[in-house]
Amino acid sequence: MAERVILAYSGGLDTSVGIGWLRDATGKDVVALAVDVGQGGEDMEDIRQRALDCGAVDAIVIDAKDEFADDFLMPALKANALYQKRYPLVSALSRPVIAKHLAITATKLGADSVAHGCTGKGNDQVRFEAAVAALAPDLTSIAPVRDLALTRDKAILYAEEHDLPIRQSAKNPYSIDKNVWGRAVETGFLEDPWNAPIEDLYEYTMDPSVAKDADEITIHFESGIPTAIDGVAMSALKIIEVMNELAGKHGVGRIDVVEDRLIGIKSREVYEAPAAMALIAAHEALESLTMERDLNRYKRGVESEWANLVYDGLWYSGLKRSLDVFIDDTQRYVSGDIRLKLLGGRATVTGQKSEQSLYDFSLATYDTGDTFDQSLSKGFIEIWSLPSKISARRDLRG
Ligand code: ARG
């Protein structure tokens, strides 16, 4: 029996053509694996059939939507994860779950290698291969588009010559990656960062100026995880789906950045991530209400480290694992309700309450009922400023 390779299959042009390329170049039988992370669009059964029609010996579909939401997106939410303060890691989060299923399937079917359709210019190749290396170190990763230098023109030609059933229009000028956490759009006229995005790019969000009336919703969190919207309990996946609708209607979560890729290239990216951005705003507010000052400040640093690791493909690394333990521990008291107003491209926190709140009215108020002994501040400031005072005297001496 021929050796097997498990290909992460999307149903698009590159991975469809990749089936034949892989077989021709390696002599291996190709098993296509389509992992559903909420990318929507086509029916997964159609995608499975297309893989078989393109020459895969077997095609497997895995519904990983709940797993993706529970085990990948919820940790990202607990980490308020934004790369370079802007990008909620949409693609970076899906690669480790897809890689996990590649590794599991390869091991189960006795394959010696896995493959993906990434080019040699992006982050996703790194994420797939670094994740597979960490999960199944003996598997080899193959990237036909990169390793065989297969261009888009060659792919189209190959598909035509072999009469492959590719539905995707060869003319689509954008490279799009999407899942339930958001959409990433690259290339085409966006490659000039001076060109403003056009409405056509967006699918999860409406033009923020269209909806005139605000929506107000209340999200309930338990230990950092959203568990209900307006009192209706839902799974993490369902909450994200509902939030994509509600926040998307108001154009929340449109992001336009020039981003630093791991491999050193700067790229212009347009994202839309309505649920991610609204949930992060709500979660961060609840943390401010329930977390001690030092912990909150320290965690903000950990969050950016966490986002860098995940962006850089190190989901399954020791450092990331240890930071997760820290972040989980910080979420102990992050329970309560956040009211969000959605309007004009913004998700604004308008109310916050928690049984674990550290906000103390009698300490905070400037009205009667103030229990804070203001006279204590005088001595505190004397001691607090002492190092500054001593060093200032030295500096003045010259
Ligand atoms: N630049 C983003 C990232 O590295 C998005 C990548 C999108 N991938 C794609 N194949 N279009 O996470």
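For ligands, and for the atoms within them, numbers begin at 1 and follow the listed sequence.
Taking the six-membered ring where tryptophan is involved, the planes of F221 and H283 are tilted, since the angle between them lies from 30° to 60°. Y311 and Y83 have parallel rings, their planes meeting at less than 30° on a 0 to 90° scale where 60° marks the start of perpendicular. Ring planes of Y271 and Y87: parallel class, angle under 30° (limits at 30 and 60°).
Among protein heavy atoms, atom 12 (O) of ligand 1 sits closest to Y87 OH, 2.6 Å. Annotation: atom 11 (N) of ligand 1 to nearest protein heavy atom, S175 OG, 2.9 Å. Protein heavy atom at the shortest distance from atom 7 (C) of ligand 1 is S91 OG, 3.3 Å.
Looking only at distances, a side-chain donor or acceptor of S288 sits under 3.5 Å from a matching main-chain atom of E284. In this structure a side-chain-to-backbone donor-acceptor pair under 3.5 Å is missing from S322 to L319. Looking at Y204, its side chain never comes within 3.5 Å of a backbone N or O of A273 through a donor-acceptor pair.
Close approach of ligand 1 to N123 is summarised as follows: ligand atoms under 4.0 Å from at least one heavy atom of the residue are 3 (C), 4 (O). In the vicinity of E259, heavy-atom distances shorter than 4.0 Å reach the ligand 1 atoms 1 (N), 2 (C), 3 (C), 4 (O). The E269 neighbourhood of ligand 1 comprises atoms 1 (N), 2 (C), 5 (C), with distances under 4.0 Å to a heavy atom of that residue. Of all atoms in ligand 1, numbered sequentially from 1 with element shown, those under 4.0 Å from a heavy atom of R127 are 3 (C), 4 (O), 12 (O).
With respect to E129 and R146, a salt bridge is recorded, a charged nitrogen being found less than 4.0 Å from a carboxylate O.
Considering backbone and side-chain N/O of S267, none are found under 3.5 Å from N/O of ligand 1. Between R261 and ligand 1, no pair of N/O atoms sits closer than 3.5 Å.
Compare L93, D124, T187 by their heavy atoms: the one nearest to atom 8 (N) of ligand 1 is in D124.
Because its NZ or CZ atom is both nearer than 6.0 Å to the ring centre of Y202 and within 45° of the ring axis, R254 counts as a cation-pi partner of that residue.
With a heavy-atom cut-off of 4.0 Å, Y271 touches ligand 1 through its side chain alone.
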